[in-house]
Enquirer: 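Take a look at the following structure, please.
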Amino acid sequence: MADEADEADERLIARIVDGDRDAFAILYRRYRPDVYRFAVHFCGSSEPAEDIVQDVFVAVIHSAARYRPERSGVLPWLLGIARNLARRVHARTVTFPLPADDATSGCELAIDTDPLAGIARARQTRAVRLALGELPNRYREAIILCDLHGLTYLEAATALGCAVGTVRSRLHRGRALLARALSDSSHVMTARIPATRVVL
Amino acid sequence: MTCRQLRPFIVDFARGAIDAAAVEAQLASHVQACAACRTVFERERMMSAALQRVAEASAVPPADPARELALQSAFARANAGWPTGVTRAWIRLAPVAAVIAMVVIVWGLKVRTPSGLFQDGPVTPDVAAVQSAERQRVKAEASADEPDVVLDASSFVAWPGAASGPPLESGTLIRVDLPVSILPALGFWPPSSAGGDVPVDILIGQDGFARAFRLASE
């Protein structure tokens with residue numbers, strides 16, 4: 001079982017192409033969280049994310065033979081599919097709701113040694129997520145892939161189907177836009193909150 | 001290095017994405033010395049930290065068993081009966097083989113074959129029936145004030161199975177090139193050394209079926 005968990009992605013894809021159901025299950029469990037996170041970040045909502053994850057793996061079922069290991073790793077390939085699907089979903093979405101579930105819950109604050117800082121971080125995270133959702137697609141997806149998922153420029157370029165230099169310039173531009181949006185909307189980038197709103 | 005030269009790399013430096021150690025060292029020393037670049041660097045570092053928190057704050061719910069089951073079913077359906085390995089390679093070659101076979105057949109016949117060309121049944125040349133049919137046809141053509149066509153009906157041989165069809169009322173004569181290898185099926189036995197194509201006149205009846213044929217001279 002441990003061997004299966006450590007099995008190389010490329011080998012898994014080869015087994016999937018040969019119709020190995022177990023290999024597909026392993027791939028699904030291995031990369032579902034990444035694809036789900038990408039979809040949530042891109043769409044700004046968990047509601048379409050599950051559908052996007054489903055569609056990504058349906059695409060894997062039908063297109064696994066098209067995967068080329070020499071071009072990219074499996075994760076950039078999957079995120080590239082997710083990006084195309086998320087763009088379509090996002091284009092149809094009128095509203096842009098924030099994720100209802102957030103790990104910065106009350107439980108986390110309860111054990112935080114510095115409640116003020118915890119609240120500030122939660123506000124900041126929410127503000128960054130909101131501002132990220134308002135960025136144009138091309139900048140948002142570069143930030144999500146490089147800064148949130150930690151892909152290299154090369155991997156992100158493969159997922160986005162563009163040049164490495166394009167990814168780099170979009171990332172820099174996107175971060176600049178994000179910083180401007182946060183400062184324009186008076187969202188905090190530091191741990192400053194009004195003292196009157198905090199009841200200890 | 002100047003601020004202007006280093007500024008494009010500050011974002012990557014703040015993200016820890018500088019590959020070259022030498023460039024990273026230059027950036028580090030410059031940021032230490034330059035207050036303006038240090039401000040930019042700190043801002044980018046805070047941005048990276050904020051984005052990192054966004055990434056960490058994204059909770060992933062456990063997989064829905066129903067969805068996973070649906071995917072597994074879809075996978076099973078997509079691969080149902082799908083062979084693997086060598087068999088799959090042969091299946092991939094099947095379209096190519098089909099095209100090659102089609103080309104060979106078309107090349108062998110060279111013309112569109114009239115229906116009835118490959119009718120089953122014994123080869124029974126029925127010269128009398130063909131002569132009768134041909135007389136009727138010549139008579140019909142003459143009564144229609146068409147140019148007279150004189151055919152030597154005795155040179156025709158009934159097409160295999162033509163006798164079982166309806167009486168010949170009218171017909172069309174076409175000339176095609178048939179491979180010599182087909183002739184034995186029509187009752188001709190060419191020398192074993194013969195090869196290539198031979199010109200043949202085929203009498204096509206009013207119903208579109210071949211009725212008789214004869215070897216034509218070039």
Side-chain angles (χ1 to χ4, degrees), chain A residues 16-21 23-25 28-29 32-38 40-41 46 49-51 53-54 57-58 60-62 64 99 101-105 108 121-122 124-129 131-132 143-144 146-150 152-153 168-169 171-172 175-176 178-179 182 187 189-190, chain B residues 6-20 23 27 39-89 91-92:
Chain A
I16 288 171
V17 171
D18 283 340
D20 190 330
R21 195 169 168 172
F24 179 74
Y28 176 76
R29 287 166 196 157
R32 178 189 164 272
D34 290 299
V35 177
Y36 179 88
R37 276 196 207 96
F38 176 87
V40 168
H41 292 143
S46 59
E50 285 288 5
D51 290 336
V53 170
Q54 193 88 349
F57 284 94
V58 167
V60 169
I61 290 172
H62 296 291
D101 52 343
D102 200 324
T104 53
S105 61
E108 187 177 315
R121 275 199 299 274
Q124 183 189 37
T125 300
R126 190 179 173 83
V128 172
R129 184 179 284 168
L132 185 63
I143 290 174
I144 291 172
C146 295
D147 280 336
L148 271 58
H149 284 263
T152 64
Y153 287 139
R168 187 170 180 270
S169 64
L171 179 72
H172 290 201
R175 286 170 64 112
L178 194 58
L182 288 169
H187 294 307
M189 285 293 290
T190 58
Chain B
L6 290 178
R7 195 61 66 86
F9 299 100
I10 282 189
V11 173
D12 291 339
F13 182 48
R15 297 179 61 242
I18 299 289
D19 291 332
V23 176
L27 279 164
T39 303
V40 175
F41 171 73
E42 287 298 331
R43 193 183 68 206
E44 293 298 336
R45 211 160 54 95
M46 287 175 62
M47 176 65 75
S48 290
L51 288 168
Q52 187 60 37
R53 279 195 291 276
V54 170
E56 290 166 357
S58 303
V60 178
D64 182 357
R67 283 182 181 266
E68 187 170 353
L69 192 62
L71 276 173
Q72 291 281 359
S73 300
F75 185 83
R77 276 197 306 275
N79 291 280
W82 185 242
T84 60
V86 178
T87 311
R88 176 176 293 187
I91 287 176
R92 284 179 182 149

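Every chain is numbered from 1, with letters handed out A, B, ... down the list of sequences. What you are looking at is a predicted structure, and each value in this text was computed from that prediction instead of being measured. Worth knowing before you read on, the calculation uses all heavy atoms, side chains too, and leaves out hydrogens, waters and symmetry mates.
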Enquirer: If every non-hydrogen atom of A/I61 is compared with every non-hydrogen atom of B/A78, which pair is closest and at what distance?
Expert: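 That closest heavy-atom pairing would be CG2-CB, 3.5 Å.
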Enquirer: Where does A/L171 contact chain B at under 4.5 Å (heavy atoms): side chain, backbone, both or neither?
Expert: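 A/L171 touches chain B through side-chain heavy atoms alone.
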Enquirer: Out of B/A70, B/A49, B/A74, B/S48, return the one with the most heavy atom pairs under 4.5 angstrom to chain A.
Expert: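 Heavy-atom pair counts peak at B/S48.
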Enquirer: Quick check for you: to the nearest 0.5 Å, what is the distance between B/R53 atom CZ and A/R126 atom CZ?
Expert: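 Going from the CZ atom of B/R53 to the CZ atom of A/R126 covers 16.0 Å.
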Enquirer: Can you tell me which portion of A/D51 sits under 4.5 Å from chain B's heavy atoms? Options are side chain, backbone, both or neither.
Expert: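 When you check distances to chain B, atoms from both the backbone and side chain of A/D51 fall under 4.5 Å.
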Enquirer: From the options A/R32, A/R21, A/R29, select the one residue that forms a salt bridge (charged side-chain N to carboxylate O under 4.0 Å, His left out) with B/E68.
Expert: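 It is A/R29, the one option of A/R32, A/R21, A/R29 that forms the salt bridge (charged side-chain N to carboxylate O under 4.0 Å, His left out) with B/E68.
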Enquirer: Who wins among A/H62, A/R175, A/R37, A/H172 for the most heavy-atom pairs under 4.5 Å with chain B?
Expert: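 Heavy-atom pairs under 4.5 Å are most numerous for A/R175.
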Enquirer: Do you know which two heavy atoms are closest between B/P8 and A/R168, and how far apart they sit?
Expert: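 Scanning both residues completely, I find the closest heavy atoms to be O-NH2, 3.1 Å.
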Enquirer: Please state whether the side chain, the backbone, both or neither of A/I143 comes within less than 4.5 Å of a heavy atom of chain B.
Expert: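 Looking at A/I143, just its side chain touches chain B.
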Enquirer: So which part of B/R15 gets closer than 4.5 Å to some heavy atom of chain A, the side chain, the backbone, both or neither?
Expert: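 Contact with chain A: side chain only.
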Enquirer: Can you check whether B/V54 reaches A/H41 side chain to side chain, under 4.5 Å on heavy atoms?
Expert: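 Answer yes - side chains close enough.
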Enquirer: If only atom types and distance count, is the side chain of B/R67 paired as donor or acceptor with the main-chain N or O of A/Q54 below 3.5 Å?
Expert: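 No, the answer is negative, given that no donor and acceptor are paired below the 3.5 Å cut-off.
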Enquirer: Given that the side chain runs from C-beta out, which part of A/F57 has a heavy atom under 4.5 Å from chain B: side chain, backbone, both or neither?
Expert: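 The answer is both parts of A/F57.
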Enquirer: Which atoms of A/H149 are under 4.5 Å from chain B, going by heavy atoms: the side chain, the backbone, both sets, or neither?
Expert: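 Contact with chain B: none, neither part.
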Enquirer: Restricting to non-hydrogen atoms, name the atom on B/P61 and the atom on A/E50 that form the minimum distance, rounded to 0.1 Å.
Expert: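 Nearest heavy atoms, B/P61 then A/E50: CG-OE2, 4.0 Å.
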Enquirer: Looking only at non-hydrogen atoms, find the nearest pair between A/Y36 and B/A59 and report the distance.
Expert: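 Distance-wise, the nearest heavy atoms are CE2-O, 3.8 Å.
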Enquirer: If I compare all heavy atoms of A/I16 with all of B/N79, which pair ends up nearest, and what's the gap?
Expert: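 Looking at all heavy atoms of both residues, the shortest contact is O-OD1, 4.4 Å.
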